[in-house]
Every structure is written in C-alpha cells, then in structure tokens.
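To start, the structure under review is shown below, and the notes come after it.
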Amino acid sequence: MSSDNSRGDSGAEGAPPEQLALIRESVRKAKEPRAKPRTWRGAALAKELPVARVLVDKGVLHLDRYFDYAVPEELDAEAQPGVRVRVRFGAGRHRVREGRREGGGLIDGFLVERRAESDYSGPLAALAQVVSPEPVLSEELLGLARAVADRYAGSLADVLQLAVPPRSARAEQRPSPAPLPPPPAPEAGSWARYERGAAFLEALASGGAPRAVWNALAGPEWSAELARAVAATLASGRGALVVVPDGRTASRVDAELTALLGEGRHALLTAEAGPEKRYGEWLAVRRGSVRAVVGTRAAMFAPVQDLGLVAIWDDGDDSHSEQHAPQPHARDVLLLRAAQDKCAFLLGSWSCTVEAAQLVESGWARPLVAVRDQVRAAAPLIRTVGDQDLARDEAARAARLPSLAWQVVRDGLRHGPVLVQVPRRGYVPRMACAQCRAPARCRHCAGPLQARDAGALRCGWCGREEGSWHCPECGAFRLRAQVVGARRTAEELGRAFPAVPVRTSGREQVLDTVPGAPALVVSTPGAEPVAEGGYAAALLLDGWAMLGRPDLRAGEDALRRWIAASALVRPQGDGGTVVVVAEPTLRPVQALVRWDPVGHAVRELAERAELGFPPVSRMAAVSGTAEAVAEFLAMVELPSQAEVLGPVPLPVTPVAAGRSRRAGAPPAGEQWVRALVRVPPGRGSALAAALKAAQAARMARGSGAALWVRIDPPDIG
DNA sequence: AGCACGCCGACT
DNA sequence: GTCGGCGTGCTC
C-alpha cells in the first residue's frame, strides 16, 4: 500500500472523516509491521527520511522512549536531528468524528533522528513545529544523558532538562564569535612540584587521555595548575571542561585562565549570569567558538566540542550533587563523559574522597602527588587540643578555649590574619562509645545507632532496636551523644583581642579575600576567604560537631574541611600554625596532623569494602509513605544478592519549615519511611535498571502516592 | 497525568 | 435500546 499523502493539501485542516476512519481500519486490519508514514491530515511529507524520532519532554518514566512523527514537507529542512520541536501528544485520535484531530496538547520535545520508516504500525501524527533550527542536542550529549539516566534510574527527559538550558531566541540570533586558534602548550610551571606533573601536562598537550587523581599541595597554586591543564589540552586542538563547587571558585579559575590564555578562549558557566547570557555562552560552546569551559555543576553537561579533558575540583563538596532529579553527581557525570569520549580525566582536591581513592585503587586513574617532603613543606604545622588537655586546663574550661589556642592566635596576630573556623548550625548528634568515641553501629547491618524516644537505641538503616549495646572496640557499655558546639567562642575571641578587627564570612555574606594585615577572620566551613600572603594561623573549633554528624562521611568531611581551611595558612617554614580542637587519637585528626588525606581515604575505603558500604557497594534509597514503599518493594524485581534494609521512619518535616522542599523530602507534617537497598560491587547498573522498571510500572498504573528513588543517597548515616 | 475505550446497570 | 458508571490502557 502506497502512501496516501500524495494529495499535498498541507494547509488544509484534514481529510474527510470517512477517509480517516478508513485509514485507521485498514491499518488495524492489515497489521503492517512497518507502516509507511501517514498522517491524519494527509499533508505532504518530506521526500527523504519522512519519519522523525522524537523524545517528548515529559519526565515520567513510562514515557521514557521515543515516539515517531511524520515530517511535513515544509519542515523538512529545519527538522534536523538535535533541534527542539513541538508535537501533539496524548490520547485524542477519536475526535476524528469531527474531521480533525484535536485532543492532546502541544508539548515540547527533541528531534533525535530522521529515518526512512517507522516501526510503529499506526498512522503517524505530524510534527507541529520546529521551535528553532539550532541543533542543541548532539549525539554525544544524547548519549551522555542516556548514560546518566540509566546510572541514576531516572528519565532521559529529566536529565535533558539539566543538560540543555531553556531557549532564549535573542541569544540564539546573536552570532557566536569565530574560534581562536589553539594556544601554544604551556610550561609545566608549578606542576613540576608533582612527581608526574610535567608528564601529565605533556600527555594532554600531545593529544593523550591520561586519567589522574590529583592530591593538590596546600596553598593557592592549584587554580593556576588547573588552568595549565586546560591550556595544554587546548594546545592539542581539543576542548576542556572544569567543574568546581561554587561561583567563587569558578571565578578564581576563570581569572587564571584569562591570565594564561587571554580573553575569548574560554567560557564561564555559573548560575550567577542570567538565563539569556548563560544560554549565549552555552551556544558559543556548542558551536565551537569557545573550546574551554569552567563552571559549577550544571556545566558538567556543557557541550564542549571534541572534548579532550574533563576536570573536577574538590569532589567531596556536596554542591557537586545536583538538586534536581535524578540528582546526578558531577564526579560521576564526568566519569561517564571520560569513558564515552575517551578523554583525559583529572580529579583534584587538597583532600581525598573515598570515591577518588577507589578510582586509584581500581587502577582506572593514577595518583598525581608530590613527594612527602614537598607535602609537609607546603603545609602548616598542625597542633591538637583534646579532652585531656581541656581537662587539665582549668582556664580553658572557664573560657571554653584552651591556652594553646590563645597562644597560637596571639602569636599569629603579630604576623598577619588568623582564621577561625566555626561549624554551621544544624548538625544532628549521633551516638558514640563514651570511652573510645568509636561510632555506635548496628550489629546486623552496620548502620548508625541513634537515640530515639526514651533513650531506646535504634538503627538508622534497618530499624532494628539495640537493647544491649557494648563497644566492639574497647568493650565499654556506655554511650554518649556527641554534642554540637558554639560559635560564642568567636565573640569571646574578639573581646579578648580588642585591638584587632574581626571579620566574618558565612552563609549570609561570603568574603572572597582578606588583606594580609592582622585580623580575626571568623568563617563557617566552605566560606573561608583567601588571605593575601596566607593566614598566619588558623583555629579549627568544635571538632566534635563536625565528627559527630550521623553520617558515613562525617570523618572524611571533617578532614576535608579542616584541610581546606589549613591549606589557606602559610607553610610551616613561614611560621604557619593550625590548632584543631579535637581528640588527637581520632583517625581524621591524625590524618590532618600527618597531612595525609589520601592515606585516610584509602583506609576508609578498605573499611567500607569490609562493611558493605558505598561506594564499594552501591546503595539506593526508596522513600515515601509506608504503604507506597511496601508496595514498591513487593513488586520490584531486585537483582540477586540485593539486600533490603528497613524501612525505617524518616524524621517528620516540621510544618513551619515547609520552605525547604527538597527533592525526595516528605511534605511538611507527613510521616514517610525510607528503605535502603544495597548490592555488591558490579551490580549497580542492574539495581538501577530494576528500580527504574518498577517505578515505570508503578507510574503507568497511576498509583498516586508519591515515592522517591535515589541512587547513591548522600545522607545514609 | 489526561483521555478515550469498553463492558456493566437504570432510564426516556 | 441507549446513556453513562469509572476500571484499564495508551499516548507516535
């Protein structure tokens, strides 16, 4: 049967209803496996490749597949792969009685492919509109989005919403500038301080794809080093992408790139620019006018052409986790990109996450480190104040500050600014051995024990009660809740040194830099200003607060924050000193004293492997009402060896605090539960696939109750 | 999610 | 006979 679209009445509202009914009937009866494209309107179609495969822009999982549409002749030229389109979508074909096809509104989508035939055995609806001829969704970007959706059990449309910025017609109309020729390969510069630093740069410059986990030396040179890695990649004729945690850090790297490459070779992609400007920059990158990008997490999808290097700075910072579904982490997206584009990979940090250690241990990446002597020389001297010191120190108890700390601050203020790091509010205390401070863990699943009502102990993962806890480390029977400390100390310090100005940097107002003159700089973690010439000293307060969070990462995180603050302090050769108020026997404190974040991460990794924790095992969280979670767990076909922990009740969001409507958080006042599912190494994709399939089936059935599935939950206690 | 189909009971 | 209840399934 040949096409019935030969009449060419493209402008008419449609064929007579009888004919439409006839088409439908014949299609139904003939059951052709591969229908020639036909439209309800009978409009003239494109002569070549008259079928457009379209991804409809709806995040729902059961629509996470392509739909075929017919390409009308007049849209033939513009309807190219990658463009944004609008199509009619939804049930509504039965309105043909009135002679036209109405129901089903216009929705947005992406044209993914042009084909000769459809494997859909019904008449195709026609593309309604090509929104713009700009091919925003390249094959590479589609492939990446697909991989991210699979990894996180999310829908392709959700990922594309993160990956492709909203259109701005004005930005699209402006032509992007002509690309500049590749710059010369840069000198090794301060990369020479690292054992394999110069070799890494040379590999980038000569078109290679080295993969490294870079433990940066303390001090301010890291941003220039990142810029050199970008320049080396550009020199090879390829593009480069750098993702950093926040806008402040992005502008630091941006400044180094401008210093090294001049204007016009790189783009800065952060949320601070407005949507139009941002889309303009994004387009310049996509069109190949600009070959290098530095930006915050949304830049992880930046469509850099001929990508040669992806880099991430400080992957332990939680702003690398996307807040929108399916909540991918920049490190993992860049890992997928490196694998897909076969490009170089650089993960840099002053500290070291367990995930980074795993990349090295698995042999996927090589360590990029300095020799021990260099490491120690670049770092300040670290001194600790623990419980014993506090107990001995009567004055300290009264003033809440030990005399060693007073002394270091006083000496430091003679030579320059002194940083005081105070914890942010809102950490939840968890239980630990009163004697040795080992975190109290469930004997069944090794989850964190938490004190519930009336002092009953309960596991935060599997919900089992613990009636007769004793410490597996030292045998003690008593527990203590680890306390959250005060920022009053900062005020006290200010009063104690009345001649010195006190400056604060925190959530409300983040200072970028402070001058090299003596001053007390009080800051929360992550908001520390850079001091001109480095801080003379730093005081890290309330180590208990940072270590006491009921989180698997508490140790790693505390160390990362301490190291980030200490890295802003002058080297010990120049008198730089840091005092940390925390028990010196604790592992993260010892790692800080030795300045050995990598060793710390390696030990954590070994322990996680033994206990079946992520990232060695893959975990997923399923949260919702008790009924929804139970129903979901009953129907999901989990891969073999999968283990379900819980469900346990989640804390109820106070009605007053309804402002923080985080993705996956229960609505204010509603009681939700959470189950954790874990699988052994290598079964992660099977787990994601199973969860996604079950979620899709649930949605298709229209089970109304909200339910959240989160791969790699960040807060598993 | 919409929205239309379809296979059951009360109605002009 | 026909209108219409909402349970079920599809959306190119």
Side-chain angles (χ1 to χ4, degrees), chain A residues 1 3-5 14-15 17 20-21 23-43 45-46 49-72 75-76 79 81 83-131 137 142 154-158 161 325 624 628 631 635 692-709:
Chain A
M1 195 166 112
S3 165
D4 5 56
N5 301 304
L20 291 168
I23 294 168
R24 205 170 112 227
E25 279 311 295
S26 64
V27 166
R28 286 262 165 96
K29 285 199 180 116
K31 273 229 164 115
E32 285 175 290
R34 306 198 139 229
K36 287 283 188 309
R38 255 158 297 141
T39 71
W40 288 108
R41 292 176 164 195
L45 295 189
L49 306 178
V51 174
R53 190 146 273 193
V54 171
L55 179 86
V56 297
D57 195 6
K58 279 198 155 196
V60 272
L61 281 173
H62 58 285
L63 295 179
D64 200 22
R65 57 199 165 99
Y66 301 134
F67 290 87
D68 286 346
Y69 285 81
V71 181
L75 295 182
D76 183 25
V83 300
R84 303 179 210 251
V85 294
R86 285 170 76 74
V87 294
R88 287 209 177 276
F89 189 82
R93 64 170 171 276
H94 302 287
R95 293 282 210 89
V96 286
R97 259 186 265 139
E98 290 136 50
R100 66 180 81 153
R101 185 173 179 278
E102 285 180 335
L106 281 178
I107 71 167
D108 292 317
F110 295 96
L111 200 165
V112 160
E113 190 191 354
R114 288 282 298 266
R115 332 176 87 219
E117 296 184 314
S118 169
D119 41 22
Y120 177 65
S121 60
L124 301 183
L127 290 180
Q129 189 193 345
V130 172
V131 175
L137 183 61
L142 177 63
S155 76
L156 188 54
D158 275 349
Q161 205 140 45
E631 182 206 12
M635 70 182 289
K692 185 168 170 171
Q695 194 48 324
R698 226 181 66 90
M699 295 306 284
R701 271 195 297 119
S703 314
L707 184 115
W708 282 87
V709 173

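Chain letters run A, B, ... following the sequence lines, proteins first and then strands; every chain starts at 1. Since the structure is predicted, the reported quantities are computational estimates derived from the model, not experimental observations.
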Between atom [atom1] in [X] and atom [atom2] in [N], what is the gap in whole Å?
| X | N | atom1 | atom2 | answer |
| --- | --- | --- | --- | --- |
| A/L124 | C/dT11 | CG | C1' | 13 Å |
| A/L45 | C/dC12 | CG | C1' | 14 Å |
| A/E117 | C/dC12 | CD | C1' | 15 Å |
| A/R65 | C/dC12 | CZ | P | 10 Å |
| A/I107 | C/dC12 | CD1 | C1' | 11 Å |
| A/E113 | C/dC12 | CD | P | 19 Å |
| A/F89 | C/dC12 | CZ | C1' | 8 Å |
| A/R88 | B/dG2 | CZ | P | 16 Å |

*Among A/L156, A/L137, A/V131, the one residue meeting side-chain contact (heavy atoms from CB on, under 4.5 Å) with A/F110*: A/L137

*Please answer whether the main-chain N or O of A/Y69 pairs with a side-chain N or O of A/Y120 as donor and acceptor at a distance below 3.5 Å.*
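No, A/Y120 side chain to A/Y69 backbone: no donor-acceptor pair under 3.5 Å.
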
*Got a salt bridge between A/R114 and A/D76, using NZ or NE/NH1/NH2 to carboxylate O under 4.0 Å?*
yes

*A/R88 CZ to A/Q129 CD distance, which is reported to the nearest 0.5 Å*: 11.0 Å

*Are A/Y120 and C/dC12 stacked, counting the six-membered base ring, centres under 5.5 Å, planes under 30°?*
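Here the ring of A/Y120 and the base of C/dC12 are stacked, with centres under 5.5 Å and planes under 30°.
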
